[in-house]
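What follows is a short report on a single structure.
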Protein chains: 2
Amino acid sequence: MTLAERKRRLVADELARAALQLLAQKGFDAVTVDEIVAAAGVSKRTFFRYFASKEDVVIQFLADMGTTMRAELAARPAAESPSTALRHTVWVSIDACAGHTRQALPVVQLILGTPALLARFLERQAQWRDDLAAELATRLNLDPRADLYPHLAAGMALTAFGTVLQRWSASNGTEDPKALTDRAFTVIAPALDAVG
Amino acid sequence: MTLAERKRRLVADELARAALQLLAQKGFDAVTVDEIVAAAGVSKRTFFRYFASKEDVVIQFLADMGTTMRAELAARPAAESPSTALRHTVWVSIDACAGHTRQALPVVQLILGTPALLARFLERQAQWRDDLAAELATRLNLDPRADLYPHLAAGMALTAFGTVLQRWSASNGTEDPKALTDRAFTVIAPALDAVG
DNA sequence: GCCTGACATGACACTTAGTGTCAAGCAGTG
DNA sequence: CACTGCTTGACACTAAGTGTCATGTCAGGC
């Protein structure tokens, strides 16, 4: 990695660190971008060169998940049932959060507790859903234009994802995410695995 | 209704009419609030007395749906299976849109095609989901804190709702919403009606 | 070692969304 | 007529986000 690239990473990390610390502490609406950039020691203009919006600093923390999930689903063996493949797919993302509870829990709680952030988060999820649906259609040789199953199955999996995240967040990380994921998929599996 | 109340309705309607016409025609980001209020003949300050944000003018068009859905679910006979009750619940809202295709279709297409509007719309749906989950829990005598079913079932129903709306919108109102709703619920019913 | 091009930054001005405040207009009431 | 409550417009203000330009800094070629 070149020096310039390392410098960019450094600035982005410092900006994200300062932002998350302030936002989690004082609440999303009570912190201005000017405060964040003052804490990070850069100009406001630079902030918006790294993040498209104030929401983005928080949301980008979970940004990779979308591509991660699709890749994970694509990597599952073809013989696996949809419910099993999707359960593992969702679990990888949940685990990425729950595995770093100390850092991730406050962020998740901030997102779920802030309407503006929740809105952006759900918008991202909608994109993930389309990605997952496309992957599912490929996997099962279905026409995503004619068949409703891919979109619905992806939607159900993400509903499970959201519900687990919400429970985990509401319990302050107390509840076991693995168990929650399994319980959620037990509920939706009959629809995922029903013969079309 | 008193004169003052009728005047308020008049202003709100004119504002919404002017806004939707401009937004649908030129796109959400290409229209400023100043343009809207100029077209409606009121001050910018008045606009924000009627709508909390620019997004709200569009979203409020679908605002009632939330309460409508919960009321509709509460009104379904207790003996009905969850999938049947939820299918009717969702259908009432879909029909409220599809029944006024001329007015509703452009609005739905605007929402689904504008990230900022989609985000707000999904945020609303999240609230509906909690409402529906609470109603489902009551209906089935479940503890919504312990059991994942109510949230998941409500989420699946709203996934179906969103998928149907998306298909209907993408087909320019061509596809039959009733048939789409039935097909969607055929897919998710096995999970909704599985014994807990 | 010097020049040069690519790139990151800060400063500044600008647009737009959204809010607080206040004085003026207008209906209904005694 | 005087009083009260509600709606409105005008104005000033904060904060998010963008365009532009001059400056600085690192890389590789001469």
Side-chain angles (χ1 to χ4, degrees), chain A residues 1-20 22-23 25-60 63 110-111 114-121 123, chain B residues 1-20 22-23 25-60 63 110-111 114-121 123:
Chain A
M1 187 187 296
T2 116
L3 178 68
E5 279 169 340
R6 262 178 298 164
K7 262 171 89 176
R8 269 191 77 80
R9 278 285 289 269
L10 202 70
V11 176
D13 287 353
E14 175 60 17
L15 229 20
R17 193 202 57 74
L20 289 176
L22 281 170
L23 293 173
Q25 179 197 334
K26 303 176 59 176
F28 185 76
D29 295 320
V31 179
T32 68
V33 175
D34 290 283
E35 285 182 77
I36 296 172
V37 299
V42 300
S43 74
K44 189 174 69 169
R45 198 62 186 84
T46 295
F47 177 92
F48 287 109
R49 285 195 181 98
Y50 283 86
F51 303 99
S53 70
K54 198 174 137 189
E55 284 99 353
D56 246 48
V57 197
V58 189
I59 298 302
Q60 218 174 72
L110 180 65
I111 293 176
T114 307
L117 289 174
L118 179 61
R120 292 287 165 186
F121 178 53
E123 186 203 338
Chain B
M1 187 187 294
T2 117
L3 177 69
E5 278 169 342
R6 263 177 297 164
K7 260 170 90 176
R8 270 191 78 78
R9 279 286 290 268
L10 202 71
V11 176
D13 288 352
E14 175 59 18
L15 230 20
R17 192 202 58 75
L20 289 176
L22 281 171
L23 293 172
Q25 179 197 335
K26 302 175 60 177
F28 185 76
D29 295 319
V31 179
T32 67
V33 175
D34 289 285
E35 285 183 77
I36 296 171
V37 299
V42 300
S43 75
K44 188 175 69 166
R45 197 62 186 84
T46 294
F47 177 92
F48 287 108
R49 285 197 180 98
Y50 283 87
F51 303 100
S53 69
K54 197 174 138 189
E55 284 99 355
D56 246 48
V57 197
V58 188
I59 298 303
Q60 218 174 69
L110 181 65
I111 292 175
T114 308
L117 289 174
L118 178 61
R120 292 289 165 184
F121 179 53
E123 187 203 339

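Everything numeric in this text was worked out from a predicted model, so none of it was measured. Order of the sequence lines sets the chain letters (A, B, ...), proteins ahead of strands, with each chain counted from 1.
Distance A:Arg6 CZ to D:dA27 C1': 14 Å, rounded to the nearest Å. Straight-line distance from the NZ atom of A:Lys44 to the P atom of D:dG19: 14 Å, rounded to whole Å. The distance between atom CD1 of A:Ile36 and atom C1' of D:dG17, rounded to the nearest whole Å, is 13 Å. Note: CG (A:Leu10) to P (C:dT9) measures 10 Å, nearest angstrom. Look at CG on A:Asp29: it is 12 Å from C1' on C:dG18, rounded to the nearest Å. Look at CZ on B:Arg8: it is 18 Å from P on D:dG5, rounded to the nearest Å. When rounded to the nearest whole Å, the span between CD of B:Glu55 and C1' of C:dG18 equals 11 Å. The distance from atom CD of A:Glu14 to atom C1' of C:dA8 is 17 Å, rounded to the nearest whole Å.
B:Gln60 contributes atom CD, which lies 13.5 Å from atom CZ of B:Arg120 (distance to the nearest 0.5 angstrom). One distance of note links CD of B:Gln25 with CG of B:Leu20; it measures 12.5 Å at 0.5 Å rounding. In this structure, CG in B:Leu117 is found 5.5 Å from CG in B:Leu110, a value given to the nearest 0.5 Å. With rounding to the nearest 0.5 Å, the separation of CD1 in B:Ile36 from OG1 in B:Thr32 is 7.0 Å.
With contacts defined as side-chain heavy-atom distances shorter than 4.5 Å, the pair B:Phe47/B:Val57 qualifies.
Nearest-nucleotide assignment on DNA chain C puts the 5′-proximal partner with B:Thr32, out of B:Lys7 and B:Thr32.
Annotation: salt bridge (charged side-chain N to carboxylate O under 4.0 Å, His left out) contacts involving residues 27-46 of chain B, sequence neighbours excluded, comprise B:Lys26-B:Glu35.
Base engagement by A:Ser43 is indicated by at least one non-hydrogen atom pair under 4.0 Å involving a base atom.
Within residues 45-53 of chain B, the residues approached by DNA chain D to less than 4.0 Å at the level of any non-hydrogen atom are B:Arg45, B:Thr46, B:Arg49, B:Tyr50, in residue-number order.
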